[in-house]
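These notes are about the structure you will find just below.
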Amino acid sequence: MSAEDTEERLHMGKVYERLDGRTREFIEKQSVFFVATAPADGGRVNVSPKGYADTFTVLDDTTVAYLDLDGSGIETVAHVRENGRITLMFCGFERRAVIVRLYGTGRVVTPHDDRFQELLARFGSHPGVRSVIVVDVDRIADSCGWGVPMMTYAEDRSTLDRWAVRQDVQATRAYRAQHNRTSIDGIPGLAPGESDPVTVRS
């Protein structure tokens with residue numbers, strides 16, 4: 001075991017009260033993270049991968065946020081509005097074999113909410129913004145990622161951004177009406193009035 005591996009082992013399996021410099025640097029560096037939510041009573045657990053590093057931000061030592069972009073489902077929004085429970089997971093796919101999980105309570109900030117523009121300014125430029133998911137973190141834990149394969153980041157896919165740009169207003173409204181009103185378990189997602197404006201970009 002190398003000296004670097006030994007140092008990592010000493011820092012693993014710990015729970016932190018706040019996002020310290022080491023942990024914050026690690027999660028902000030990742031090009032992908034995973035979001036897990038579930039209904040309050042039964043139903044299907046959902047896990048969503050999130051790309052684009054500039055769609056995630058640390059607001060303070062116990063609060064993070066990420067952009068909710070157009071997509072074919074609305075599970076996270078629906079679950080967070082129903083019960084608030086959410087977990088974010090970051091994996092070290094390169095040299096550092098670390099996994100960090102942020103457990104907390106989420107809230108959905110739409111373009112009609114007061115803080116939306118303030119939050120939007122924290123992210124890179126992307127079209128097709130539906131909302132911002134803010135997470136008040138109450139547990140920060142790391143663990144070893146020795147069983148996670150090493151992979152090298154190549155580049156972000158531009159497909160989602162290009163798709164959002166190609167859609168006109170009516171097409172986006174129709175898409176959100178078809179795919180974003182309820183979760184797969186029938187839990188309310190985005191209401192009709194929250195689908196507009198459909199041209200919001202960060």
Pairwise side-chain contact, [X] with [Y], heavy-atom cut-off 4.5 Å (strictly under):
X    : Y    : result
F26  : R96  : yes
D142 : Y16  : yes
V135 : Y103 : no
R44  : P39  : no

Once rounded to the nearest 0.5 Å, what's the spacing between atom [atom1] of [X] and atom [atom2] of [Y]?
X    : Y    : atom1 : atom2 : answer
Y52  : H126 : OH    : NE2   : 6.5 Å
L69  : D161 : CG    : CG    : 7.0 Å
I140 : T62  : CD1   : OG1   : 7.5 Å
F33  : T55  : CZ    : OG1   : 5.0 Å
D54  : L67  : CG    : CG    : 8.0 Å
R176 : Q167 : CZ    : CD    : 10.5 Å

Q) Using a distance-only test with no angle check, is there a side-chain donor-acceptor pair under 3.5 angstrom linking S48 and N46? A) yes

**Q.** E17 atom CD: more than 12 heavy-atom contacts under 6.0 Å
**A.** no

Q) Run the side-chain contact (heavy atoms from CB on, under 4.5 Å) check on S125 and R201 step by step: do they pass? A) CA-CA 7 Å; S125 178; R201 67 177 300 142; 2.9 Å; yes

(Q) Pair M150, F93 - check side-chain contact (heavy atoms from CB on, under 4.5 Å), show working. (A) CA-CA 5 Å; M150 292 185 69; F93 293 109; over 6 Å; no

If we ignore hydrogens and angles and just use 3.5 Å, is the side chain of [X] paired with the main-chain N or O of [Y] as donor and acceptor?
X    : Y    : answer
D113 : F116 : no
R181 : L190 : yes
S183 : D185 : yes
E82  : I187 : no
D168 : Q170 : yes
R85  : G106 : no

Which heavy atom of [X] sits nearest to which heavy atom of [Y], and what is that distance?
X    : Y    : result
T105 : I86  : C-CG2, 4.1 Å
S202 : V129 : N-CG2, 3.7 Å
S131 : T110 : CB-CA, 4.3 Å
A164 : P127 : CB-CG, 3.8 Å

[X] with [Y], same ILVMFWY side-chain cluster at under 4.5 Å:
X    : Y    : value
V98  : V58  : yes
V100 : F34  : no
V108 : I74  : yes
V137 : I27  : yes
V32  : L102 : no

Under 4.0 Å between a side-chain nitrogen and a carboxylate oxygen: does that hold for [X] and [Y]?
X   : Y    : answer
R18 : D60  : no
R81 : E194 : yes
K29 : E25  : no

**Q.** Partner of Y66 under side chain to side chain contact (heavy atoms under 4.5 Å, CB included), chosen from V134, T57, L119, V35
**A.** V35

Q. Which residue, T37, I133, N180, forms the side chain to side chain contact (heavy atoms under 4.5 Å, CB included) with V77?
A. I133

(Q) Please determine whether side-chain contact (heavy atoms from CB on, under 4.5 Å) holds for the pair Y153 and E94, giving the CA-CA distance in whole Å, both sets of side-chain angles, and the decisive distance to 0.1 Å. (A) CA-CA 8 Å; Y153 169 77; E94 297 183 336; 4.1 Å; yes

**Q.** Steps toward side-chain contact (heavy atoms from CB on, under 4.5 Å) verdict (T76, D68)
**A.** CA-CA 9 Å; T76 301; D68 172 47; over 6 Å; no

Q: Check ring-ring contact (aromatic ring centres under 6.0 Å, His included) between F123 and all other residues, then give those that pass, not counting sequence neighbours.
A: none

Q. Do the ring centers of H179 and Y175 come within less than 6.0 Å of each other?
A. yes

